[in-house]
Amino acid sequence: VLGKLGITCSIGIAPNKLLAKLASGLVKPNGLTVLIPPIIPYLLEETPVEALCGIGEKTTLRLNRIGIRTCGELGRASISLLRSIFGIWGEHLAAMGRGEDPGEVIPEEIAPDPKSIGHSMTLERDIDDRALIEIYLLQLSEKVGRRLRRGGWVGRMVTLTLRDRDFSTHTHRRRLAAPAWESLKIFQEIKTILLDVPLRQPVRLVGVSAGDLVKWEAQPSLFTEIDRRKRLYKSIDDVNDRMGEFTLTWGSLIERQRHRGVISPSWRPDGIRRYL
């Protein structure tokens, strides 16, 4: 990395992805940290819960309120207590506190075709304003559409995910009349789903995904308008590939210039710099 790009990087090596991510942040800049099993319990005992990838600000606050501040305390916490607060995710949190992560590292060249492509976002605050929720959903739809186009996929189904203030999670799916690859088409379908969903509580997390994927046959279209849209999206994607995510984006996202939420996969834009 230093030789090709002229920048340093920090590396973490550990028994699983969760701990490797933690290790990569322990020594910066230009650090190489190896976590071997005998030292992991001692490290986690005093490591703040927010140091673990996947535990954001709001989850940290909820854990702190019940007296859990370190990974050691989280790993020893009552599963029934965590489930009562976080639902089924509580069990996963306890496992994270113990440094357990069953997820495999699969090289891209042998990874199976994805079944879906999606992004979710934990909001800066719980909201029940549908217009504001739609802005977040547009942002997520653009992320999903961009990944579809990059991978050469189209989705025949879209899914809206909402997590309420009490951590209950609801998913709403819709099969499309025609496969989608356009960000705005995905957003329009998601927006239609949202119109039919009663918001009984303020929302703390939103998610958008495209599923039932098939490969996109990129042959020229018989319809001029479709070709025009393909060229438009290719131009947008080319600019963002060269200049960085969301360098060129939709004018409707002007209100989202500064985002401090948590997005998965890792993505934290610095702000909107160009508008369409």
Side-chain angles (χ1 to χ4, degrees), residues 1-60 69-72 74-75 92-93 95-112 114 117-122 124 139-140 142-152 236-249 256-274:
V1 172
L2 182 62
K4 291 197 68 173
L5 302 178
I7 59 174
T8 61
C9 66
S10 293
I11 298 170
I13 301 174
N16 59 51
K17 290 191 294 184
L18 177 71
L19 293 175
K21 174 67 174 175
L22 175 64
S24 70
L26 294 179
V27 181
K28 289 187 175 183
N30 202 28
L32 173 61
T33 305
V34 180
L35 297 184
I36 58 176
I39 70 172
I40 291 172
Y42 300 99
L43 173 67
L44 293 176
E45 187 62 36
E46 299 300 327
T47 298
V49 291
E50 60 266 30
L52 294 179
C53 181
I55 297 184
E57 181 180 351
K58 288 194 174 184
T59 300
T60 298
R69 298 183 179 278
T70 70
C71 295
L74 179 58
H92 181 62
L93 283 173
M96 291 174 66
R98 297 190 295 270
E100 300 171 3
D101 179 8
E104 297 183 21
V105 178
I106 303 176
E108 183 176 346
E109 59 270 17
I110 65 171
I117 290 176
H119 283 267
S120 62
M121 175 188 300
T122 299
E124 300 166 11
Q139 196 172 20
L140 293 171
E142 172 61 18
K143 289 292 293 181
V144 171
R146 183 158 158 73
R147 288 179 63 201
L148 285 171
R149 297 187 294 275
R150 182 184 297 147
I236 296 172
D237 292 341
D238 286 347
V239 169
N240 289 332
D241 285 342
R242 293 196 304 269
M243 305 297 293
E245 296 281 6
F246 282 79
T247 297
L248 188 63
T249 190
R256 296 290 304 126
Q257 288 186 2
R258 293 295 175 187
H259 174 73
R260 289 185 246 174
V262 177
I263 304 177
S264 176
S266 297
W267 170 66
R268 195 179 296 268
D270 294 324
I272 309 304
R273 287 170 282 172
R274 303 282 195 279

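Below, each value reflects all heavy atoms present in this structure, side chains not excepted, and no hydrogens, waters or symmetry copies.
With rounding to the nearest 0.5 angstrom, the CG atom of Leu32 is 9.0 Å from the OG atom of Ser10. The distance from atom CG of Asn30 to atom CD1 of Ile7, rounded to the nearest 0.5 Å, is 10.5 Å. Taking CE of Met121 as the start and CG of Leu140 as the end, the distance is 4.0 Å to the nearest 0.5 Å. Between atom CG of residue Leu52 and atom CG of residue Leu44 there is a gap of 7.0 Å, rounded to the nearest 0.5 Å. Atoms CG and CD1, on Leu148 and Ile117 in that order, are 4.5 Å from each other to the nearest 0.5 Å. The distance from the CG atom of Leu19 to the SG atom of Cys71 is 9.0 Å, given to the nearest 0.5 Å.
Checked by atom type and distance alone, the side chain of Thr47 pairs as donor or acceptor with a backbone atom of Leu43 at under 3.5 Å. A distance-only check finds a donor-acceptor pair linking the side chain of Asn16 to the backbone of Gly99 [under 3.5 Å]. Under a 3.5 Å cut-off, the side chain of Arg146 and the backbone N or O of Glu142 do not form any donor-acceptor pair.
For Lys21 against Cys53, the heavy-atom pair with the smallest separation is CG-CB, 3.7 Å. Taking all atoms of both residues into account, the shortest heavy-atom contact from Glu100 to Leu18 is O-CD2, 3.9 Å. The minimum heavy-atom distance linking Pro41 with Pro37 is given by the pair CD-O, 3.3 Å.
For CZ of Arg69, the number of neighbouring non-hydrogen atoms (other residues, nucleotides, ligands) closer than 6.0 Å is 12 at most.
Here the options are Thr70, Thr60, Leu93, the test is side chain to side chain contact (heavy atoms under 4.5 Å, CB included), and the partner is Val49; only Thr60 passes.
By the side chain to side chain donor-acceptor pair (under 3.5 Å) test, Glu50 pairs with no residue at all, sequence neighbours left out.
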Trace of the side chain to side chain contact (heavy atoms under 4.5 Å, CB included) decision for Ile55 with Leu74: CA-CA 12 Å; Ile55 297 184; Leu74 179 58; 4.0 Å; yes
